[in-house]
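The structure appears below as structure tokens.
Since the model is a prediction, treat every value here as computed from it, not as a measurement. For ligands, and for the atoms within them, numbers begin at 1 and follow the listed sequence.
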Amino acid sequence: PTAPGSRATTLSARFLGVMPAYSAADDALTTKLVTFYERRGDSAAPSHQATVLLFDPRCGSLRAVLDGSVITAKRTAAVSAIATKLLMPRSAEVLCILGAGVQARSHYEIFMELFPFTEVRGTRRSLLGADRAAVRGLTSRLPKEKLPHACHTTVKRTQPQRKQNGWPSFGRESRGPICAFPRRSGCGIAASSAR
Ligand SMILES: NC(=O)C1=CN([C@@H]2O[C@H](COP(=O)(O)OP(=O)(O)OC[C@H]3O[C@@H](n4cnc5c(N)ncnc54)[C@H](O)[C@@H]3O)[C@@H](O)[C@H]2O)C=CC1
Ligand SMILES: O=C(O)C1=NCCCC1
């Protein structure tokens, strides 16, 4: 989760986030620095780039500089997985992932490892490029007649809002990832990872 004291500096759809944290249990003093930029089609750079600095809590000296991109991808998906483990109906078989970027991939990987989904669905803009062939039962749109049991949005700058039929629809503000379980499952919108 975002640490208390985190700050973000904005340059019109370009952000620098500072996420300091101290864990007494691990005796670890750290901060993550993360930039997240709205990308136009012509940019090859990742939309989110992060670095983690680790300090010695006793003397304040810098001890390590870590790449933060993998940590961000895995930690965020891990939080979604915890929420899903606690809230998803046991009978769930169908996973839906909206978005096709870094978080879509990390969510896909951990969800396929931890849960017995038999089917994965995405939207037209999904799913996972090269992994497409490995995804069983992928459909290119969300069929109304058979709702998935868990839905994870990893799209940028959108947020699902519950529709009457229980499906998330996209608003224009805010950010994912957000875990949603359709109302039919009895859970409603269940959790938003992290922030
Ligand atoms: N809560 C947390 O701790 C974290 C949250 N995030 C958030 O998760 C989201 C995804 O991050 P990344 O995967 O790293 O970004 P990314 O830039 O790698 O992927 C974004 C994906 O969303 C898709 N997309 C954008 N608009 C769409 C739309 N209207 N419909 C369908 N797909 C659409 C893009 O095509 C792209 O595949 C961002 O909003 C980001 O800020 C990311 C990291 C940590
Ligand atoms: O690294 C994180 O955690 C982020 N949270 C929200 C937006 C971008 C990065």
Side-chain angles (χ1 to χ4, degrees), residues 1-23 28 30-54 65-84 95-111 120-132 135 138-142 148 150-161 163 167-180 189-195:
T2 301
S6 296
R7 294 284 181 275
T9 299
T10 305
L11 296 168
S12 177
R14 293 167 289 167
F15 299 86
L16 168 62
V18 184
M19 303 171 71
Y22 173 67
S23 164
T30 71
T31 190
K32 184 164 87 172
L33 303 173
V34 55
T35 56
F36 41 111
Y37 274 46
E38 187 170 356
R39 295 292 182 213
R40 308 285 176 203
D42 56 352
S43 173
S47 58
H48 294 65
Q49 300 177 64
T51 302
V52 175
L53 306 180
L54 178 68
V65 179
L66 311 171
D67 176 86
S69 298
V70 172
I71 291 170
T72 299
K74 289 194 180 294
R75 186 216 68 92
T76 309
V79 175
S80 297
I82 291 168
T84 301
L95 170 67
C96 175
I97 296 178
L98 308 180
V102 169
Q103 290 295 331
R105 178 173 292 275
S106 61
H107 279 67
Y108 171 76
E109 286 170 358
I110 197 161
F111 277 76
V120 181
R121 294 184 190 157
T123 58
R124 279 200 183 88
R125 293 175 71 165
S126 299
L127 188 66
L128 308 175
D131 281 354
R132 202 176 264 271
V135 176
L138 177 65
T139 54
S140 62
R141 65 193 175 85
L142 307 176
C151 178
H152 293 274
T153 65
T154 62
V155 300
K156 191 141 165 42
R157 301 191 72 241
T158 61
Q159 182 172 20
Q161 292 163 349
K163 281 169 115 176
W167 258 109
S169 67
F170 293 115
R172 298 190 57 195
E173 306 296 325
S174 201
R175 300 180 176 80
I178 291 173
C179 315
I189 296 226
S192 162
S193 74
R195 299 178 306 134

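Taking any N or O of Gln103, backbone or side chain, at least one lies under 3.5 Å from an N or O belonging to ligand 1. The shortest N or O to N or O distance between Lys32 and ligand 2 is below 3.5 Å.
Taking 4.0 Å as the cut-off, Arg105 does not count as a neighbour of ligand 1 on heavy-atom distance.
Of all atoms in ligand 1, listed by their number and element, those nearer than 4.0 Å to a heavy atom of Val102 are 13 (O), 14 (O), 18 (O). Close contacts between ligand 1 and Arg75 involve ligand atoms 2 (C), 3 (O) [criterion: under 4.0 Å to a heavy atom]. Heavy-atom proximity to Thr72, at under 4.0 Å, picks out these atoms of ligand 1: 43 (C), 44 (C).
Between Ser80 and His107 the shortest heavy-atom distance is OG-NE2, 2.8 Å. When all heavy atoms are compared, the tightest approach of Thr72 to Ala50 is OG1-CB, 3.8 Å. Considering all non-hydrogen atoms of both residues, Val52 and Gly68 come closest at CG2-CA, 4.0 Å. Nearest heavy-atom pair across Pro20 and Thr31 is N-OG1, 3.3 Å.
In this structure, of His48, Gln49, His107, the residue bringing a heavy atom nearest to atom 14 (O) of ligand 1 is His48. Compare Arg75, His48, Gln103 by their heavy atoms: the one nearest to atom 8 (C) of ligand 2 is in His48.
Put simply, the side chain of Thr76 reaches to within 4.5 Å of the side chain of Gln103, judged on heavy atoms. Between Phe15 and Thr35, the closest side-chain pair of non-hydrogen atoms is not below 4.5 Å.
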